[in-house]
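To start, the structure itself, in structure tokens.
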Amino acid sequence: MKNQFDFDLERIIDIIKEKQFKKVGLQFPEGFKRQAFSISQKLEEATGANILISGNPCFGACDIDTTLLGKVEVMFHFGHSKMGNLENVVFIETRSNVDVLPCVKTALPLLATNRIGLITTVQHIHKLDEISNFLLENEKKGITGKGDLRVSYPGQVLGCNFTAARVDCDEYLYIGSGIFHPLGVAIATGKRVVAADAYLNQAIEVSPVKFLRKRSGYIVKSMEAKVFGIIVSSKSGQNRIGLAKKLAEIAKKHGKKAQIIMMDLVTPEQLLAFKVDAYVNTACPRITIDDSERFHVPVLTPQEFEIVLGERKWETLVMDEILEEKCKNNE
Ligand code: SF4
């Protein structure tokens, strides 16, 4: 079966027709932008509505194009599950129909215990029951955790939130592509994580050793830094200004200069001109990790910065997460 994503067009058409919306916005993450034109055309033909597509980068449900939202009656946001309570945003989860069982079968010999925490992204969340049943047939119990309000489903993890992985299990099975999420869970929980890629039908045990060594290098490099830029995102779902202010205060207490920089899209290019020795990123935690080599100075997570300042012990280094209540309270 060809791998396809469900863009839920019938539901979208029903919503537009029922509410008689005339001005409709569409927002796609980078991976789905290729489909944007054909989807827009189909919706226009079926409903007669005027469609505007967001051209801004989009990496998560935290990243709603509020400018476009202000110009339309409804906006359909693809590829992510609901986050926050913005009116007139409809989240289209865009689930995948890929068969996950082959990769779970491939992963089975790598699972060393019988209590398996199951984690995945929203694209495969509807497959967790099927995976649990398969594990049960193989004398293993699949366990899913509820997570906080930032996630919509038990077992769902985000690049910034592993709360659904905090369950009583011996090891984890992650179903999805890439290693960021499983790596995050391995570091956040200290347990083994086997990552099964349904698209490539591959499974590997994820080791955080190399990753932590690299992060340690950035911490050591920042020990002598005197001037820090503390990055805050203006995106509502990433904004941790409260945390940034606390970090700036602690930095000053330790005789360091720290200036808060507020920005929408955080890129190495935008930060190149500032004269700082290191950055601390309170925006999307993935930026710190995924783009680390593209910045001209080290970019630290808030927890790594605490180690640099002597406020946290190395052994207690954790992954940076944005938790529901922290973001709501701007902490
Ligand atoms: S903060 Fe980053 S990881 Fe979290 S939802 Fe937004 S884009 Fe995804």
Side-chain angles (χ1 to χ4, degrees), residues 27-33 54 56-66 69 75 77-86 89 91-95 119-125 147-153 155-166 174 176-188 195 211 215 230-244 262-268 270-271 279-292 294-295 299-304 318-331:
Q27 189 180 16
F28 298 87
E30 303 314 291
F32 290 137
K33 279 198 169 125
S54 170
N56 290 324
C58 172
F59 300 101
C62 61
D63 196 357
I64 300 296
D65 188 335
T66 46
L69 185 60
M75 190 165 79
H77 177 106
F78 292 84
H80 306 115
S81 61
K82 186 174 187 290
M83 186 186 288
N85 287 310
L86 276 176
V89 178
F91 289 85
I92 305 295
E93 293 174 351
T94 325
R95 297 191 180 181
I119 43 174
T120 187
T121 59
V122 76
Q123 265 70 53
H124 308 294
I125 204 81
D148 71 8
L149 291 175
R150 219 166 145 78
V151 295
S152 302
Y153 302 97
Q156 183 191 0
V157 286
L158 305 174
C160 60
N161 189 301
F162 311 115
T163 51
R166 294 198 167 85
Y174 167 79
S177 52
I179 63 152
F180 189 92
H181 298 81
L183 197 58
V185 171
I187 295 166
F211 171 81
R215 295 312 307 169
I230 301 184
I231 302 163
V232 176
S233 170
S234 55
K235 296 180 196 298
S236 60
Q238 293 183 18
N239 183 297
R240 290 189 286 175
I241 182 72
L243 171 64
M262 175 81 82
M263 55 203 297
D264 180 51
L265 183 67
V266 182
T267 65
Q270 307 251 72
L271 291 166
Y279 286 108
V280 182
N281 176 37
T282 69
C284 171
R286 290 203 61 157
I287 297 164
T288 319
I289 309 304
D290 289 346
D291 297 339
S292 61
R294 295 180 52 225
F295 288 93
V299 181
L300 304 172
T301 67
Q303 296 79 8
E304 291 167 348
V318 288
M319 281 298 267
D320 184 25
E321 289 181 71
I322 304 182
L323 307 176
E324 170 62 24
E325 66 277 12
K326 297 272 180 193
C327 202
K328 209 163 57 196
N329 300 331
N330 282 337
E331 286 173 5

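Order of appearance sets the numbers: ligands from 1, and atoms from 1 within every ligand.
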Worksheet item: Under a heavy-atom criterion of less than 4.0 Å, does Arg150 contact ligand 1?
Response: yes

Worksheet item: What residue and heavy atom of the protein are closest to atom 7 (S) of ligand 1, and at what distance?
Response: Phe59 O, 3.4 Å

Item to complete: Could you tell me whether atom 2 (Fe) of ligand 1 has an N, O or S atom of Cys62 under 2.8 Å away?
Response: no

Fill in: Ring geometry between Phe78 and Phe28 (parallel below 30°, tilted from 30 to 60°, perpendicular above 60°)
parallel

Worksheet, complete the sentence: protein heavy-atom neighbour closest to atom 2 (Fe) of ligand 1 works out as Cys284 SG, 2.3 Å

Worksheet item: Checking only N/O/S atoms, does Cys160 have one that is under 2.8 Å from atom 4 (Fe) of ligand 1?
Response: yes

Worksheet item: Any ion pair linking Glu321 and Arg166 (charged N to carboxylate O, less than 4.0 Å)?
Response: yes

Discussion item. Can you confirm whether the side chains of Thr288 and Asn281 place a donor and an acceptor under 3.5 Å from each other?
Written reply: yes

Discussion item. Show, in sequence, the C-alpha distance, side-chain angles and deciding distance for Thr301 and Asp320, and conclude whether the side-chain hydrogen bond (donor to acceptor under 3.5 Å, both in side chains) test is met.
Written reply: CA-CA 6 Å; Thr301 67; Asp320 184 25; 5.7 Å; no

Discussion item. Tell me the closest heavy-atom pair linking Glu30 and Pro57, and the distance in Å.
Written reply: OE2-CA, 3.3 Å

Item to complete: Would you please say whether a donor-acceptor pair under 3.5 Å links the side chains of Ser81 and Gln156?
Response: yes

Worksheet item: Between His181 and ligand 1, which residue portion shows a heavy-atom distance shorter than 4.0 Å: side chain, backbone, both, or neither?
Response: neither

Worksheet entry | Proximal ligand 1 atoms for Gly159, defined as those under 4.0 Å from one of its heavy atoms | 3 (S)

